[in-house]
Chemist: 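Here it is: the structure, laid out below.
For clarity, every value in this text was computed on a predicted model and none was experimentally measured.
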Amino acid sequence: GSNTYNISDTAANLAAGIVTSVTAINGAGTVTSAIATAAQGATLASISQAIVYSISDSASNIVANIGGLNESVNIESTDSCTFAQGKVIEDATNSGSITYNISDTAANLAAGIGTDSVAITSAGTVTASTSATAAEANVIAGLSKAVVYNISDTATNIASTNSSAL
């Protein structure tokens, strides 16, 4: 006869099972995993069987293992990420929530606002790791998102800064 079964296990065990017995996993009715690292998520997403899992890992690991992001339910960066890393995480089309904070240079934040402000406004907290020039402060202050930053520039440039940037 035929066997009917579902699988619920850790991401580590499922990832190892994909290597040793992918047929058993692909034959299951439903497969559910505990929280996965980004690397485990990429492995879980690499087979035809839909596996329910969420990713929780460092920003650098998430960006280095993007293969499982779109298939996951939730994605959580466990540390602060740069704007570029935040953009990769925010661009994922997973079915649930995305949680990350950004800490990057004022120059990168100001440039990022010009290319993809959603990655910045969707972050939990945003902090500039360097002082902003008056011009960068004007760009950063244009966001609806609160950003923590300092300004360091000439007195003349600071005097010409938008009041919302000060």
Side-chain angles (χ1 to χ4, degrees), residues 3-130 136 139-149:
N3 293 324
T4 304
Y5 57 95
N6 298 318
I7 299 172
S8 180
D9 208 340
T10 66
N13 286 345
L14 288 170
I18 287 170
V19 174
T20 60
S21 184
V22 71
T23 304
I25 294 173
N26 278 334
T30 61
V31 181
T32 305
S33 170
I35 301 293
T37 65
Q40 291 166 339
T43 300
L44 298 179
S46 70
I47 64 172
S48 61
Q49 173 65 281
I51 301 175
V52 178
Y53 64 93
S54 292
I55 293 173
S56 181
D57 209 337
S58 69
S60 60
N61 286 344
I62 291 171
V63 172
N65 295 282
I66 62 171
L69 298 184
N70 294 342
E71 303 290 326
S72 69
V73 177
N74 301 315
I75 302 170
E76 175 190 28
S77 174
T78 57
D79 60 355
S80 289
C81 56
T82 64
F83 163 76
Q85 292 169 327
K87 180 168 176 20
V88 169
I89 295 168
E90 181 60 34
D91 286 348
T93 58
N94 59 304
S95 61
S97 65
I98 297 175
T99 305
Y100 62 95
N101 298 310
I102 295 177
S103 178
D104 206 343
T105 66
N108 286 347
L109 292 176
I113 290 166
T115 60
D116 187 359
S117 63
V118 173
I120 295 173
T121 58
S122 296
T125 60
V126 181
T127 305
S129 60
T130 61
E136 292 164 348
V139 173
I140 293 169
L143 279 177
S144 59
K145 176 80 176 174
V147 178
V148 177
Y149 65 96

Chemist: Could you list all the salt bridge (charged side-chain N to carboxylate O under 4.0 Å, His left out) pairs where at least one residue sits in residues 67-87, not counting sequence neighbours?
Modeler: K87-D91, K87-D116
Chemist: Could you state the interatomic distance from NZ (K145) to OG (S117), rounded to the nearest 0.5 Å?
Modeler: 12.0 Å
Chemist: Partners of S8 by side chain to side chain contact (heavy atoms under 4.5 Å, CB included), sequence neighbours excluded?
Modeler: T32
Chemist: Please list, chain by chain and in numerical order, all residues satisfying side chain to side chain donor-acceptor pair (under 3.5 Å) with N3, sequence neighbours excluded.
Modeler: none
Chemist: Report the distance from atom OG of S122 to atom CD1 of I89, rounding to the nearest 0.5 Å.
Modeler: 11.5 Å
Chemist: Rounded to the nearest 0.5 Å, what separates atom CD1 in I120 from atom CD1 in I113?
Modeler: 4.5 Å
Chemist: Provide the full list of salt bridge (charged side-chain N to carboxylate O under 4.0 Å, His left out) pairs with a residue in residues 5-26, sequence neighbours left out, each pair given once.
Modeler: none
Chemist: Provide the closest heavy-atom pair for A59 versus S80 in the form atom of the first, atom of the second, distance.
Modeler: CB-O, 4.2 Å
Chemist: Taking C-beta and beyond as the side chain, do V31 and V52 meet within less than 4.5 Å on heavy atoms?
Modeler: no
Chemist: In chain order, what residues pass the side chain to side chain contact (heavy atoms under 4.5 Å, CB included) check against S144, with sequence neighbours excluded?
Modeler: T121
Chemist: When you measure from the side chain of S72 to the backbone of S54, do you find a donor-acceptor pair of N or O atoms at a distance under 3.5 Å?
Modeler: no
Chemist: If you take all heavy atoms of S56 and T78, which pair is closest and at what distance?
Modeler: OG-CG2, 3.4 Å
Chemist: Measure across A106 and E136 and return the closest heavy-atom pair with its distance rounded to 0.1 Å.
Modeler: CB-OE1, 3.7 Å
Chemist: Just list the side-chain donor-acceptor pairs under 3.5 Å for residues 15-27, sequence neighbours left out, or say none.
Modeler:
residue, atom, partner, partner atom, Å
T20, OG1, A16, O, 3.3
N26, OD1, S48, OG, 3.3
N26, OD1, Q49, N, 3.1

Chemist: Answer yes or no: are there more than 12 heavy-atom neighbours, outside I66 itself, under 6.0 Å from its atom CD1?
Modeler: no
Chemist: Closest approach of D57 and A38, non-hydrogen atoms and distance?
Modeler: OD2-N, 2.9 Å
Chemist: Under the salt bridge (charged side-chain N to carboxylate O under 4.0 Å, His left out) definition, can you give me all pairs with a residue in residues 16-42, not counting sequence neighbours?
Modeler: none
Chemist: Could you give the distance from OG (S77) to CD1 (I62), rounded to the nearest 0.5 Å?
Modeler: 4.5 Å
Chemist: Applying side chain to side chain donor-acceptor pair (under 3.5 Å), name anything that partners T37, two or more places apart in sequence or on another chain.
Modeler: Q40
Chemist: Which pair of non-hydrogen atoms, one from Y53 and one from G41, has the smallest distance, and what is that distance?
Modeler: OH-O, 3.3 Å
Chemist: Should L69 and N94 count as side-chain neighbours, where that means a heavy-atom distance under 4.5 Å?
Modeler: no
Chemist: Taking N65 for the side chain and N61 for the main chain, is one N or O donor matched with an acceptor at less than 3.5 Å?
Modeler: yes
Chemist: Sequence neighbours left out, what passes side chain to side chain donor-acceptor pair (under 3.5 Å) with T125? Give chain and number order.
Modeler: N101
Chemist: I'd like to know if the side chain of Y100 reaches the main chain of A119, judged simply by a donor and an acceptor atom lying under 3.5 Å from each other, with no hydrogens or angles considered.
Modeler: yes
Chemist: Applying side chain to side chain contact (heavy atoms under 4.5 Å, CB included), name anything that partners T105, two or more places apart in sequence or on another chain.
Modeler: A107, N108, S129, T130
Chemist: Report the distance from atom CD1 of I55 to atom CD1 of I75, rounding to the nearest 0.5 Å.
Modeler: 5.5 Å
Chemist: Atom CD1 of I140 and atom CG of L109: how far apart are they, to the nearest 0.5 Å?
Modeler: 5.5 Å
Chemist: Is there side-chain contact between F83 and V126, with at least one heavy-atom pair below 4.5 Å?
Modeler: no
Chemist: Run the side chain to side chain contact (heavy atoms under 4.5 Å, CB included) test against A111 and tell me which residues pass, sequence neighbours left out.
Modeler: none
